[in-house]
Amino acid sequence: MRYAETGFNLEIDLSRGNIERVVTDPGLTVLHLGGLGTNARLLWDKAPADVTPFSPDNLLIFGTGLLCGTPAVGANRTIVTTYSPQTLLMAYSMMGGFFAPELKLAGYDKVVLRGKSPSLVYLWIHNDKVEIRDASHLRGKGAGETADIIREELNEPYAQVAAIGLAGENRVFMASIEQGRASASRLGIGAVMGDKGVKAIAVRGTKDVNVARPAEFIKYCNAVLEYIKIREANPIPGVMPILAGLGSPQEMKLFDEKWHTTSFMWGNSRTRRKDFWTEEIEEKWREVQENVRTRLLSCYNCPMKCGASISVPGISNYMMKCYSKLTYTMAAYSDLDFGFKIAQRATEYGVDGFSTPQVMAFALELYEAGILTDSDMPGMPSDTEGKFFWLLDRIVRREGIGDVLADGTYWAAQKIGKGAEEFAHNNIKKHEQLPLKLGMLNPIYFLMYSTGEKINITQIEGQFPQEPFPTREEREEFVKDWSQVPDEKFKQYFLDWEPRGEHSNPYYPTVQMSCEIVDWMERMHFIDDSLGVCAGLSSFPLKPPYHMHNYPAFISSGAGIDMDEAGLAQAAKRNRTLVRAINIRRGMRRADEKPPEDHWRKRFPELEAQLLDEYYKFKGWNSQGIPTAESLHELNLDYVKDDFIRRGILTDNQQTTPENTSTEK
Ligand code: SF4
C-alpha cells in the first residue's frame with residue numbers, strides 16, 4: 001500500500017499520442033519526498049542534459065507534492081517543471097488552487113508530457129479514463145474562458161482545469177499556466193506547454209488518498225489549524241501589515257499599500273516614490289478595491305483566503321492574488337483601477353504578472369531614450385495606460401516589436417542592441433527579478449538572490465526577519481515564542497542584529513551566520529516544494545504553522561516514511577543539490593550567481609566574494625558552485641558524480657572544473 005502518494009504517474013507522449021500509467025519507485029519517494037524532488041529526478045533521468053526548451057525531448061512535468069490530497073492544511077501545490085526558455089535552466093514554477101489534490105484523487109502523482117502534438121489538444125483525465133482531445137476550437141481563447149468551455153463541454157462543473165492563454169500558444173517567454181484560483185507564472189513554463197500543443201489539462205478525481213496513520217495525522221492537522229487561528233489573532237507587532245500575518249501574502253485583504261508602493265520600484269524597476277502613499281490615496285484605493293473585490297477565496301483546504309474574485313464592470317470576472325495587484329499599476333505609474341483592468345486581460349492571455357509589466361515599462365523606456373522609435377511602435381496610443389494595453393496585445397501575439405519583447409528584457413535587449421542592454425537592468429540568470437532597489441547590502445539576501453534558481457519572491461522571503469527590529473526590547477519580545485527556529489542560536493543572531501552600528505548590515509549577520517540562516521530558509525522552501533505545502537504557511541512568513549519540528553511527524557504519519565529532523569534536512573539538501581546539479585550540467589557557474597548590479601546602492605565586492613566562497617563550502621560545493629564528489633556521495637547522488645566526471649565537470653580526484661564558464665557562454 002502506498003500512502004500520501006498514489007504510486008502512479010501518467011506519462012503522455014504527445015508526438016505519438018501514447019498514454020501510459022506508470023508505477024513509480026517508492027524508493028525515490030524516500031529519497032526525494034515528491035513534488036519538486038521527484039520532478040527533478042525525472043528531469044535528470046529522462047530529459048537529455050542539453051535539450052533545448054522547445055525540443056520534443058524536453059519534458060513538462062506537473063508534479064503534486066507528497067502531502068497534496070491528504071487533509072494536511074494548505075497542501076495543494078502543483079510543481080511544474082521543465083527547461084525554461086527564459087533562463088535555459090530548470091524551471092519549477094508552482095501553483096496553488098485545486099489542481100494537485102484533484103490529480104491525486106484521480107489516481108496520479110504526476111503528469112509527465114513529452115513530444116509535441118501535431119495539432120492543438122487538451123487532456124481530459126477522469127480517474128482511470130485519460131483522453132487526448134481536440135482543442136482546435138479553443139485556439140486563441142483566454143485561459144479562464146478555456147476552462148469554462150471545457151467544463152461545459154465535458155459536463156463536469158467540478159473539473160479542475162490548468163490552461164494557457166494566447167501567450168502560451170505563441171510561446172511568449174513570460175507565459176503562465178492559469179488554474180482558476182492560482183497560476184504557475186515564472187520562467188516561461190506556459191510557453192513550453194504551448195510548444196507541446198497542449199491548451200489545457202482538465203482533471204476530475206473521485207478516488208481516495210491513503211494516509212498511513214490517520215488518527216495521528218488528523219491530530220497534527222488540527223494542531224496546525226488551531227495555531228493558524230492563534231497566529232491570525234495575534235499579528236506580529238512592529239512589521240509591515242503584509243508580514244504581520246500568514247498567507248502568501250494577503251494582498252486582497254489589505255488596503256494599506258504604503259510599504260509596497262514606497263519600497264518597491266515604479267516603472268521598469270527604476271523609480272522609488274518614498275512619498276507616494278497619502279491618506280487620500282489610501283482612501284481612493286480602498287474604494288477602488290472594495291468596488292471590484294466581490295469575495296475572498298482560498299486554495300484547497302486552507303482557511304487563509306489570499307485571493308479574491310474581481311469584477312470590473314464591462315469585463316469578465318477573474319481571480320487575483322498576491323502582488324500582481326500592484327505590478328501593472330506601478331510599472332505604468334498609474335492608478336489601482338488601471339491595475340485591476342489590465343490584470344484581467346493579462347490573466348486571460350496567461351502571462352506572468354511580475355515580468356510582463358517590467359517588459360512593457362522597459363519598452364517605453366527604450367522608446368523615450370530613442371532606442372525604439374515610432375517605426376517600431378506604429379499606432380501606439382499616446383496615453384500611458386493605452387500604451388500598456390497596446391504593448392500587451394502585441395507581446396502575446398508576437399506582433400512587430402511584440403515579437404522581440406516576448407522574449408523578456410534580457411533576450412530582447414540583445415536583439416535590439418543600441419545600448420538597450422543597459423535598460424535590462426533587473427535580471428538574475430536572464431530573468432526579471434522583483435522590482436526592488438535598496439540601499440545597503442544585506443548579506444542574507446545577497447546569498448538568496450545570487451544563488452537561488454527559482455527566480456521568484458521566495459528568494460527574499462523566509463522565516464528569519466528581513467531586517468532587524470529597531471530596538472532590543474522588540475527583538476526580545478519577538479524571540480520569546482519563536483519555536484520555529486531549528487536551533488536556538490538563531491535567536492541570538494537576531495537579538496544581536498542592529499539597524500545601525502557594528503552589528504548591522506553588511507557585516508552582520510556575519511558570513512558564517514548568513515550561510516546558516518540562508519541554508520535554513522532555503523531548506524524550508526525545498527521541503528515545502530516537495531511536500532506541496534503552500535509557502536504562505538511555512539517558508540514564507542514569520543512564525544508559520546509548519547516548520548522543521550512538526551514536518552517530520554506529518555511525513556511519518558501521512559506517508560508512512562519514518563522521518564526525523566535530520567532525515568528531512570538531508571532529503572531537502574539532496575533535492576537542493578540535485579536541482580543545482582541539473583543546472584550545472586547546463587553550464588550554470590559562479591559567474592551567473594549575482595544580483596542585478598544596481599540592486600543595492602552600496603556594494604562590497606570583497607565581502608560578496610567571501611559570502612559566495614563560504615556559502616558554497618557550507619553547501620558542499622566547490623568554488624564554482626559545483627557540488628563536490630564527496631557531497632554528492634554523501635547524498636546518494638553518485639550517479640550525478642559519475643555523470644560530472646564523464647563530462648569533465650568534475651575531475652576524478654580534484655573535484656574542480658578546469659574553467660570558469662557560465663551560461664552566458
Ligand atoms: S495560504 Fe493563501 S495561497 Fe497559501 S494555500 Fe492558503 S489560500 Fe492559498
Side-chain angles (χ1 to χ4, degrees), residues 35-36 63-80 93-104 160 162 176-186 221-233 235-236 241-254 293-310 318-326 343 347 352-354 454 456-458 461-463 484 524-525 527-547 550-551 554:
L36 171 62
T64 62
L66 180 61
L67 296 180
C68 292
T70 73
V73 181
N76 50 47
R77 261 42 193 172
T78 309
I79 295 84
V80 189
S93 283
M94 49 198 70
M95 56 191 179
F98 288 71
F99 189 85
E102 197 73 33
L103 188 61
K104 276 272 181 87
Q160 298 300 329
S176 59
I177 299 172
E178 299 287 328
Q179 198 265 301
R181 296 189 182 183
S183 64
S185 296
R186 303 292 281 165
C221 296
N222 286 338
V224 160
L225 277 174
E226 268 317 297
Y227 178 82
I228 290 174
K229 274 191 218 152
I230 295 167
R231 178 71 177 70
E232 284 298 279
I236 293 183
I242 204 159
L243 293 180
L246 299 170
S248 147
Q250 325 87 331
E251 280 293 323
M252 295 296 117
K253 285 181 206 160
L254 296 174
R293 191 191 68 184
T294 50
R295 68 188 172 112
L296 293 170
L297 301 167
S298 271
C299 304
Y300 175 85
N301 192 22
C302 181
M304 290 311 302
K305 297 195 175 95
C306 295
S309 177
I310 303 293
Y318 69 106
M319 150 86 179
M320 175 171 269
K321 61 269 161 191
C322 202
Y323 180 59
S324 54
K325 166 180 151 188
L326 297 179
T347 304
D352 175 7
F354 274 41
K454 195 171 177 184
N456 80 342
I457 195 167
T458 54
E461 302 282 357
Q463 294 187 7
Q484 291 82 354
M524 295 317 302
H525 286 301
I527 293 170
D528 292 347
D529 297 351
S530 297
L531 299 182
V533 173
C534 172
L537 298 176
S538 172
S539 49
F540 200 93
L542 302 170
K543 298 186 181 172
Y546 289 108
H547 44 79
N550 63 3
Y551 257 151
F554 277 89

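Counting starts at 1 for both ligands and their atoms, in listed order.
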Legend entry - Nearest non-hydrogen partners of K305 and S298, listed with the distance: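 Scanning both residues completely, I find the closest heavy atoms to be N-OG, 2.7 Å.
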
Inset, instruction - Would you please name every residue forming a side chain to side chain contact (heavy atoms under 4.5 Å, CB included) with S176, sequence neighbours left out? - result: E178, S185

Legend entry - Residue and atom, protein N/O/S, under 2.8 Å of atom 4 (Fe) of ligand 1: C534 SG

Inset, instruction - Determine whether the side chain, the backbone, both or neither of R77 has a heavy atom under 4.0 Å from any heavy atom of ligand 1. - result: side chain

Inset, instruction - Output yes when a side-chain donor or acceptor of Q463 lies under 3.5 Å from a complementary backbone atom of S538, and no otherwise. - result: yes

Inset, instruction - Say whether, by atom type as modelled, one donor and one acceptor occur between the side chain of E232 and the main chain of L246 under 3.5 angstrom. - result: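 Checked: pair present.
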
Legend entry - Partners meeting side chain to side chain donor-acceptor pair (under 3.5 Å) with Y551 (sequence neighbours left out):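 Checked Y551 against side chain to side chain donor-acceptor pair (under 3.5 Å); matches are D528.
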
Legend entry - salt bridge (charged side-chain N to carboxylate O under 4.0 Å, His left out) partners for K325, two or more places apart: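 Result, salt bridge (charged side-chain N to carboxylate O under 4.0 Å, His left out) vs K325: E251, E257.
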
